[in-house]
Amino acid sequence: QLEDMIIAAEEVTGVPYVWGIYGALVMPPAFPYGGMENPCLTFATPTLIAGDKSLTNVMAHEIAHSWTGNLVTNRNWRDFWLNEGHTVYLERLIGEKLEMQAHGDASKAEHSRHMHIQMGLAALQKAIDGYGDNHPFNALIYEDNMCDPDEAFSDRKS
């Protein structure tokens, strides 16, 4: 399904995949991220391998980084939210396009995308609530000198 995701991303963006080949390498269970994109290759945790394909959105996200993150990226960590924000948006458009192709029902595909938007909003609210209203991680603009960027942009709490 990776090839279908790349084709869907090309169609949605109107920009061809420029990196040649694309592959995924399943890492050992200790790999600390769901996926980590690089041009041509995504490192993925083995927990993404689900027989029901319920976690394919993670791979769509990593593929989306081929356009929003590897082809065009943020200038510095302060603007990192642009990278992830555009990637999540593209990930959801890829998912909607694949859903439409699989089922031929535009209404159902759009409903599925909106469901993912609502789930993302709920996760965002949970993160904001978890850190507290005044925590610097809840600021739209990340200040470079706050901490290690891995702490600011991962699920780990400081």
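Throughout, numbering of the chain's residues begins at 1 and tracks the sequence.
- The salt bridge (Lys or Arg N to Asp or Glu O under 4.0 Å) search around Glu11 returns Lys97, not counting sequence neighbours.
- Among residues two or more places apart in sequence or in another chain, the side-chain hydrogen bond (donor to acceptor under 3.5 Å, both in side chains) test is passed with Asp129 by Gln125.
- Judged as a ring pair (Phe, Tyr, Trp, His ring centres under 6.0 Å), and not counting sequence neighbours, the contacts of Phe31 are Tyr33.
- Under the side chain to side chain contact (heavy atoms under 4.5 Å, CB included) criterion, Pro39 pairs with Trp19, Asn70, sequence neighbours left out.
- In terms of the side-chain hydrogen bond (donor to acceptor under 3.5 Å, both in side chains) criterion, residue partners of Thr45 (sequence neighbours excluded) are, by chain and number, Thr47.
- The one candidate from Lys108, Glu110, His116 that meets the side chain to side chain contact (heavy atoms under 4.5 Å, CB included) condition with Ser112 is His116.
- Residues satisfying the side-chain hydrogen bond (donor to acceptor under 3.5 Å, both in side chains) test with Gln118, not counting sequence neighbours, are none.
- Under the side chain to side chain contact (heavy atoms under 4.5 Å, CB included) criterion, Leu2 pairs with Met5, Tyr22, Ala24, Met59, Ile63, not counting sequence neighbours.
- The hydrophobic cluster containing Ile7, built from Ile/Leu/Val/Met/Phe/Trp/Tyr side-chain heavy atoms closer than 4.5 Å, comprises no other residue.
- Remark: the backbone N or O of Ile128 is paired with a side-chain donor or acceptor of Asn138 at under 3.5 angstrom.
- In this structure, His86 NE2 and Asn74 CG are separated by 11.0 Å, a value rounded to the nearest 0.5 Å.
- By the side chain to side chain contact (heavy atoms under 4.5 Å, CB included) test, Ser107 pairs with Asp105, sequence neighbours left out.
- Ile117 is linked by a side chain to side chain contact (heavy atoms under 4.5 Å, CB included) to Arg92, Arg113, His114, counting only residues two or more places apart in sequence or in another chain.
- Between the Glu91 side chain and the Ala60 main chain, no donor and acceptor come within less than 3.5 Å of each other.
- Residue pairs that meet the ring-ring contact (aromatic ring centres under 6.0 Å, His included) test with at least one member in residues 53-75, sequence neighbours left out, are Tyr17-Trp67, His61-His65.
- Taking Ile, Leu, Val, Met, Phe, Trp and Tyr as hydrophobic and joining them when side-chain heavy atoms fall under 4.5 Å apart, one finds Ile49 in a cluster with Val26.
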